[in-house]
Structures are given as C-alpha cells and as structure tokens.
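First comes the structure, then the notes that go with it.
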Amino acid sequence: MDRMTTVPLTAPRGDETADPGEAVPAETEPSAAPVVGLVELSERVAASVLTRCPWLLRASEIMLALFTLVCLVAVGTRLSALLLLPVPLFAVSWLFLRRLRGSETRAQQLRWSLLMALAAMVGFWVMSVVARWVS
C-alpha cells in the first residue's frame with residue numbers, strides 16, 4: 001500500500017523547468033561537476049579575509065615590529081644575547097608579509113600568508129624556549 005517515489009532534491013543544471021516530482025536519470029546528470037577541494041577552499045578563505053580586512057596586513061606589520069622591539073629590550077634587561085634568536089624569524093615573517101602585500105593570485109596569497117604565520121609562530125616558540133633558558 002505504501003508506494004515509494006524518487007524525488008530529486010534539485011533539478012539538473014540549466015533545467016529550471018523540471019518537474020520536482022520526476023526522477024532525474026543518472027545518465028543526464030553532469031559527471032564533470034567541479035568538486036571544491038581543500039586547497040581551493042583555503043585559497044578562497046585567505047583571499048576573502050585579506051579583502052574584507054585590509055587593515056590586517058598593517059596590524060601584522062606593527063605586531064612583528066613590537067615583538068622584535070620586545071626581544072631587543074629583553075637583551076638589555078636580561079643581559080643575554082640568546083634573546084636575539086627570534087629576531088631573524090620575525091624578520092623573515094616580515095619579508096613574507098611584504099610578499100603577501102604584492103601577491104596577485106589567491107594561490108600566492110595563501111602561500112605567503114601561511115609562510116608568514118609559520119615563521120611568526122616559530123619565532124614565538126623560540127622566544128618562549130629562550131625565556132625558559134634565561135630565567
């Protein structure tokens with residue numbers, strides 16, 4: 001007594017006149033539909049963040065300068081040259097940030113933002129390790 005019917009959730013692409021009660025045969029569905037991958041999704045997210053928040057690059061530049069200044073002040077207060085170890089990593093991160101400013105494609109934006117973030121994170125890690133050694 002129960003009849004099961006097949007109802008497609010969406011009409012095939014380009015067919016806005018399809019009856020929702022009709023089933024779409026598998027042969028007519030486009031087989032070459034693009035599948036959004038993780039890399040493309042990451043590129044889109046990086047590009048949208050950079051276009052929606054143009055102040056983010058300037059804020060990152062200021063923060064890197066402040067972290068470098070903290071390392072230089074710590075050398076004077078702790079009297080240890082070990083506290084200069086994170087400074088080259090912050091400089092490399094700043095160079096990646098400059099490349100990020102000049103990037104034109106989404107792939108370049110993703111690459112330079114990841115490298116900048118990685119260099120800054122390693123700099124923070126080195127800063128914490130050196131602070132443990134010195135104290």
With a cut-off of 6.0 Å (strictly less than), are more than 12 heavy atoms of other residues, nucleotides or ligands near CZ of R101?
yes

Co-membership, hydrophobic cluster, residues L66 and V73, 4.5 Å side-chain
no

Measure the spacing between CZ of R44 and CD of Q109 and express it to the nearest 0.5 Å.
13.5 Å

Using 0.5 Å steps for rounding, measure from the CG atom of L85 to the CH2 atom of W133.
7.0 Å

Work out which heavy atom in P86 is nearest to a heavy atom in G123; give both atom names and the distance.
CB-O, 3.6 Å

So do L72 and L84 actually touch side chain to side chain, heavy atoms under 4.5 Å?
yes

From L56 atom CG to L100 atom CG, the distance as rounded to the nearest 0.5 Å:
9.0 Å

Shortest non-hydrogen contact between L110 and V39, atoms and distance:
CD2-O, 4.2 Å

So which heavy atom on G76 is nearest to which on L79, and how close?
O-CD2, 3.5 Å

Quick check on the hydrophobic clustering: are L115 and L38 connected, directly or via other members, by side-chain heavy-atom contacts under 4.5 Å?
no

Separation of S113 OG from R106 CZ (nearest 0.5 Å):
13.0 Å

Shared ILVMFWY cluster between L50 and M63, side chains joined below 4.5 angstrom?
yes

Grab the two heavy atoms, one from E61 and one from R58, that are nearest each other, plus how far apart they are.
OE1-NH1, 2.9 Å

So does L64 get a backbone contact from the side chain of T68, meaning a donor-acceptor N/O pair under 3.5 Å?
yes

Same apolar cluster: L95 and V126, side chain cutoff 4.5 Å:
no

I'd like to know whether CZ of R99 has more than 12 heavy-atom contacts from other residues, nucleotides or ligands below 6.0 angstrom.
no

Could you check whether the rings of F124 and F67 sit parallel, tilted or perpendicular, using 30° and 60° as the cut-offs?
perpendicular

Pairwise side-chain contact, C71 with F90, heavy-atom cut-off 4.5 Å (strictly under)
yes

Following the transitive rule for hydrophobic clusters with a side-chain heavy-atom cut-off under 4.5 Å over Ile, Leu, Val, Met, Phe, Trp and Tyr, establish whether L89 and V134 coincide in one cluster.
yes

Nearest 0.5 Å please: distance from the CE atom of M121 over to the CE atom of M116.
9.0 Å

